[in-house]
Each structure stands twice: as structure tokens, then as C-alpha cells.
Asker: 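Here's a structure for you.
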Amino acid sequence: MEHEAAIARSAEAMRLHSGHNILIESGAEPVIDRLARRDRPVPATPPELWAWTFVVKDMIDVAGLRTTRGSALYGGEEALTTAPCVELLERAGALLVGKANQHEFAWGVTSENPHWGDVRNPRHEHLAPGGSSGGTAAALAAGIARVGLGTDTGGSVRIPAACCGVVGLRPRAGVVSAEGVAPLAPMFDVVGPMATSVADCARVWRVLSGEAVEPPRSLSGLVVGVADGCAQAGEFAALGAEVREIALPYGILSPYWTIVGAQARRTHEATYPVNAASYSAGVRRKLDDAAGIGHREYRRAVEELSAVRARFSAEMSGIDVLITPTLGGPAPRAGCDEAAVRGEVGRITSVVSALGLPALAIGDLQVVGRGEADVLRVGLCWETSGGAIPAPR
């Protein structure tokens, strides 16, 4: 009964939000219809995510389904295997109800998509849902799924979490397998869980990583660095933390974007520019801007990135976690010019990606630490103490 009820709730939410372009259905049969036909006997001991519904961003392979990457170029053939990150959730009893729409090729902050329709924000109609995992965040906000998987290179899990009022975790690179996940810039690409609460995000994290995280009773003894005027500093102090101001190293963005651009060009070398007409104008501009980055410039950027990471690690000595806004400015408005807003919207999340640190977005609050358990514990303490998910500006 639990499965049938969960599937029925998802199906009803899909019906109510059918005009929001939240899911990509590229096969002959909707994913949820295929799921409904499967017989799942109730085990004696239900697993961790028994009857939890989930969606996965359409950068992630699921056997028998097409992976479009949000583009017009891919998805002609069904995936032959399922990405390990999806297998872990299914083995834990979770039910895949759909592939989530996204910004084309996972490169953008609005999830406006000329091929599959612009994802709309179910919670804040005047705002874009964020990107590039906008469909995953929108599916959670709409009640289509309880949890989801997104990908994050420069903020693609965290920006949509902020815009749609949900929770998203960017883990460190390599902690969750990227096998079966289409790349953008492999040095920074990660798979991360998304949910409507920190508690659910922590449950999914335990399935993905094997790491259990329990909420502390307070933040007493914790030193919290506060960056970019984070509005919740006083509330963290009230939870027992010592708060200190710290500046983020924005100089790291220059080498970061050089590396991302060079790796994205390499990722697309088989299809761009030969198939440029099949790309959206926005992604074409980004790839064109990255043209001509050679080996020497790339190596200098890698060396500079490493040096900034080392300097900031020293500055972080004595600080346990950082808190920042998730968004670098106002949330992108529906129908805005993505090129005009992406630099500001993603400036904070991109710095954190460049530093290689894990980060938890609780709406427009970002908790950054050295390990995933560190940021999840802080987020759980915030949530269990009554902290609400901060709304986007």
C-alpha cells in the first residue's frame, strides 16, 4: 500500500504541475507508468528509503531510459546501465518517478530550456527555479518527489535549492561516484542529494555514502565563520556558536572559470562547433568564450587555484564551518537574461566549488565545511531548533 500511495501522490502532483516543464519524458512511456506496473513485495524489514519517491536530473543514466542532458543532441538511445548513485537509492527502496528537466548541458542558473521547455518555479512563480538542477528542485517543491539527485559544478544543486526553498548538498568531488553521469567540467562536477528538509537530505546521504549523521543538541564550542553578511549569524550565535567574520577568496574565480571553460570545451569537442546549430544561444556563447584556452593558460590556472586553496585553508584555521547566503544576489526572475545574472547569482557557490569544499544549501543559507557530516550536523541542529528554510531574496 505504501508504494501505491506514494506513486498516486506523485502522479497527482505531476497532473497539477503539468505546465511547469519539471520532468523530461523522452521515451515512449512516462517513467511513473512503468513504475506503477512493477510488483514490489514488502520485505520483512523495509530498507532505509522504503517507498520514498525520487527524481534524477537528466544528466544521470538509468537503464532503459534516455539521458538527454537537457539538449537536442542526446537521448536517441536508452541507457544500457544505471548510474551507481541511482542504484544505491533504488536498493534502499526508493521509487524513481521521473527524469528532471534542467538547464541545457547543466550549464546555467535559470533552467530555461529551449528544447524541453523552461522549468517553472512551483513555489515562487515570479522567480526562475535556479539552475542547472532546476527541475529536481521544482519536483520537490511541487510534491512530485520526496527527494532527488542533482549535479553541481558551480552551484547547480545549491542555487535551485535557494530559488525553490528546498535543501541541497554539494559533496566533495569523488565522494559520490560520478560513473554514469554526463560531465561538464570533471574537476568540479559532483552528484548531490536534494530534499525538502535537512533530515531527509541526511537520510539520502547515509544511503549514498554510508555515513550516518546525528543532530547535535547545540552548536556550543563550534566556531562559525560568517561571510558576505550572512543574515543568520545572530541565530547561530543563539545556538551556542562563536561567530567570526571571514572574507571569501573571490580571486579564485578567475582560475576557476578558466578551468571550467577549458574542460567544457573538451567535453563538447565531438559535437561543438560542428553541431552548433543544435545548441542554445546561451551555451554557444559560453563555449565560444572559452575557445582558445591553451595548455599553458590552463596549467597556470590549476596552479593558481591550488595556491588560493592553500591560503584559504590557512585562514580557516580555528574555524569549523562557514555560513554565507547561497545566492550572490537576488534570485533570477522568470524570463530574465541568464547571461546578465549568472555571475552575481552564482558568485558565492562558485567560490565554494573552486575551493573544493562541501556545502549544504538550506534555501538561501549555505553552510560550508571540511566534510559532509560537518555541514549536515550544523544543518540538522538549525532545523531541529526551529530554523526555517530562508526564502530567496
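In what follows, residues are counted from 1 in the order of the sequence shown.
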Asker: Same cluster or not: are Val97 and Trp116 linked, directly or through other Ile, Leu, Val, Met, Phe, Trp or Tyr residues, by side-chain heavy atoms under 4.5 angstrom apart?
Answerer: no
Asker: Less than 4.5 Å apart, any side-chain heavy atom of Ser132 and any of Val109?
Answerer: no
Asker: Check the surroundings of atom CZ in Arg370: do more than 12 heavy atoms from other residues, nucleotides or ligands lie under 6.0 Å from it?
Answerer: yes
Asker: Is there a side-chain contact between His3 and Leu95 in this structure, where contact means two heavy atoms from C-beta onward sitting under 4.5 Å apart?
Answerer: yes
Asker: Could you name each residue pair satisfying side-chain hydrogen bond (donor to acceptor under 3.5 Å, both in side chains) that touches residues 73-90, not counting sequence neighbours?
Answerer: none
Asker: Ignoring hydrogens, what is the shortest heavy-atom contact between Thr151 and Ser133? Give both atom names and the distance.
Answerer: O-OG, 3.0 Å
Asker: Checking Gln102 side chain against Gly134 main chain: does a donor-acceptor pair fall under 3.5 Å?
Answerer: no
Asker: Does any N or O in the side chain of Thr258 come within less than 3.5 Å of the main-chain N or O of Ser254, such that one atom is a donor and the other an acceptor?
Answerer: yes
Asker: Check this for me: His295, atom NE2, are more than 12 non-hydrogen atoms of other residues, nucleotides or ligands nearer than 6.0 Å?
Answerer: no
Asker: Ignoring hydrogens and angles, tell me if any N or O in the side chain of Glu338 forms a donor-acceptor pair with the backbone of Gly282 under 3.5 Å.
Answerer: no
Asker: Would you call Pro193 and Leu208 a side-chain contact if the rule is heavy atoms closer than 4.5 Å?
Answerer: yes
Asker: Once you round to the nearest 0.5 Å, how far does CG of Leu376 lie from CD of Glu372?
Answerer: 8.0 Å
Asker: Nearest heavy-atom pair of Ser353 and Arg309: which atoms, and what distance?
Answerer: O-NH2, 4.0 Å
Asker: Working to the nearest 0.5 angstrom, can you tell me the gap between Arg9 CZ and Glu4 CD?
Answerer: 11.0 Å
Asker: Side chain to side chain donor-acceptor pair (under 3.5 Å) between Asp189 and Thr153: does it pass, once the steps are laid out?
Answerer: CA-CA 5 Å; Asp189 295 344; Thr153 302; 2.6 Å; yes
Asker: Quick test of your reading: applying ring-ring contact (aromatic ring centres under 6.0 Å, His included), list the pairs with at least one residue in residues 314-363, sequence neighbours left out, ordered by first then second residue.
Answerer: none
Asker: Within a 6.0 Å radius of atom CD on Glu269, are there more than 12 heavy atoms belonging to other residues, nucleotides or ligands?
Answerer: yes
Asker: Check for a donor-acceptor pair, side chain of Ser10 on one end and backbone N or O of Ile7 on the other, with a separation under 3.5 Å.
Answerer: no
Asker: Main chain of Ala100, side chain of Asp58: is a donor-acceptor contact present, judged purely on distance under 3.5 Å?
Answerer: no
Asker: When you check the gap from the basic side-chain N to the acidic O, do Glu29 and Arg37 get nearer than 4.0 Å?
Answerer: yes
Asker: Determine yes or no for a side-chain-to-main-chain donor-acceptor pair under 3.5 angstrom, with Arg158 supplying the side chain and Gly363 the backbone.
Answerer: no
Asker: Can Arg206 and Glu48 be counted as an ion pair, charged N to O under 4.0 angstrom?
Answerer: yes
Asker: When rounded to the nearest 0.5 angstrom, what is the spacing between CD1 in Ile60 and CZ in Arg69?
Answerer: 12.5 Å
Asker: Considering only residues two or more places apart or on different chains, which pairs with a residue in residues 305-338 satisfy ring-ring contact (aromatic ring centres under 6.0 Å, His included)?
Answerer: none
Asker: Determine, using the 4.5 Å side-chain heavy-atom cutoff (strictly less than), whether Val191 and Val56 are members of one ILVMFWY cluster.
Answerer: yes
Asker: Ile319, Val243: one ILVMFWY side-chain cluster at the under-4.5 Å cut-off?
Answerer: no
Asker: Given side chains that start at C-beta, do those of Pro325 and Cys230 come closer than 4.5 Å, heavy atoms only?
Answerer: yes
Asker: To the nearest 0.5 Å, what is the distance between CE (Met194) and CG (Asp200)?
Answerer: 13.0 Å
Asker: Can you check whether Cys164's main-chain N or O pairs, donor with acceptor, with Arg123's side chain at less than 3.5 Å?
Answerer: yes
Asker: Do Leu355 and Val351 come within less than 4.5 Å of each other through their side chains, counting heavy atoms only?
Answerer: yes
Asker: Given Val204 and Leu89, is the side chain to side chain contact (heavy atoms under 4.5 Å, CB included) satisfied, shown in steps?
Answerer: CA-CA 8 Å; Val204 178; Leu89 268 57; 4.2 Å; yes
Asker: Quick check: closest heavy atoms across Ala331 and Pro392, and the distance to 0.1 Å?
Answerer: CB-CB, 3.9 Å
Asker: Let me check something: do Val167 and Val368 share a hydrophobic cluster, defined by ILVMFWY side-chain heavy atoms less than 4.5 Å apart, either directly or through other members?
Answerer: no
Asker: Considering non-hydrogen atoms only, spot the tightest contact between Gly130 and Ser111 and give its length.
Answerer: O-OG, 2.7 Å
Asker: Taking atom types as modelled and ignoring hydrogens, do the side chains of Asp61 and Thr67 form a donor-acceptor contact shorter than 3.5 angstrom?
Answerer: yes
Asker: State, without any angle test, whether Thr136 and Lys57 hold a side-chain donor-acceptor pair at a distance under 3.5 Å.
Answerer: no
Asker: Side chain to side chain contact (heavy atoms under 4.5 Å, CB included) for Ile159 and Val345? Distances and angles first, verdict last.
Answerer: CA-CA 8 Å; Ile159 292 169; Val345 168; 3.9 Å; yes
Asker: Do Glu242 and Val224 touch side chain to side chain, with heavy atoms closer than 4.5 Å?
Answerer: no
Asker: Does a side-chain heavy-atom distance below 4.5 Å link Ile348 with Leu248?
Answerer: yes
Asker: Does a donor on one side chain and an acceptor on the other come within less than 3.5 Å for Tyr279 and Ser71?
Answerer: no
Asker: Between the side chains of Trp205 and Glu211, does any donor sit under 3.5 Å from an acceptor?
Answerer: yes
Asker: May I ask you to test the Arg265-Ile293 pair for a side-chain heavy-atom distance under 4.5 Å?
Answerer: no
Asker: Quick one: closest heavy-atom pair of Ala79 and Val62, and the distance?
Answerer: CB-O, 3.4 Å
Asker: Side chain to side chain contact (heavy atoms under 4.5 Å, CB included) for Leu73 and Tyr272? Distances and angles first, verdict last.
Answerer: CA-CA 11 Å; Leu73 285 172; Tyr272 194 87; over 6 Å; no
Asker: May I ask you to decide whether Glu344 forms a salt bridge with Arg347, counting only side-chain N to carboxylate O separations under 4.0 Å?
Answerer: no
Asker: Looking at CG of Leu127 and OG1 of Thr110, how far apart are the two atoms once the value is rounded to the nearest 0.5 Å?
Answerer: 12.0 Å
Asker: Any Lys/Arg nitrogen of Glu297 or Arg299 sitting under 4.0 Å from an Asp/Glu carboxylate oxygen of the other?
Answerer: no
Asker: Quick check: closest heavy atoms across Asn121 and Ala128, and the distance to 0.1 Å?
Answerer: ND2-O, 3.3 Å
Asker: For the backbone of Asp118 and the side chain of Asn113, can you confirm whether one donor and one acceptor N or O come within less than 3.5 Å of each other?
Answerer: no
Asker: Please report the interatomic distance OG1(Thr68) to CG(Asn101), rounded to the nearest 0.5 Å.
Answerer: 7.5 Å
Asker: Side chains of Glu112 and His103: do they bring a donor and an acceptor to under 3.5 Å?
Answerer: no
Asker: Looking only at atom types and distance, does a side-chain atom of Arg393 sit under 3.5 Å from a main-chain N or O of Pro330, one as donor and one as acceptor?
Answerer: no
Asker: How far apart are the C-alpha atoms of Ser350 and Leu253, what are their side-chain angles, what is the distance that settles it, and do they pass the side chain to side chain contact (heavy atoms under 4.5 Å, CB included) test?
Answerer: CA-CA 7 Å; Ser350 294; Leu253 288 179; 3.6 Å; yes
Asker: Among side-chain atoms of Ser280 and Glu104, is any donor-acceptor pair under 3.5 angstrom?
Answerer: yes
Asker: Donor-acceptor pair, Asp152 side chain versus Arg170 backbone, under 3.5 Å?
Answerer: no
Asker: Is there a path of hydrophobic side-chain contacts, each under 4.5 Å between heavy atoms, that joins Phe105 and Trp257?
Answerer: yes
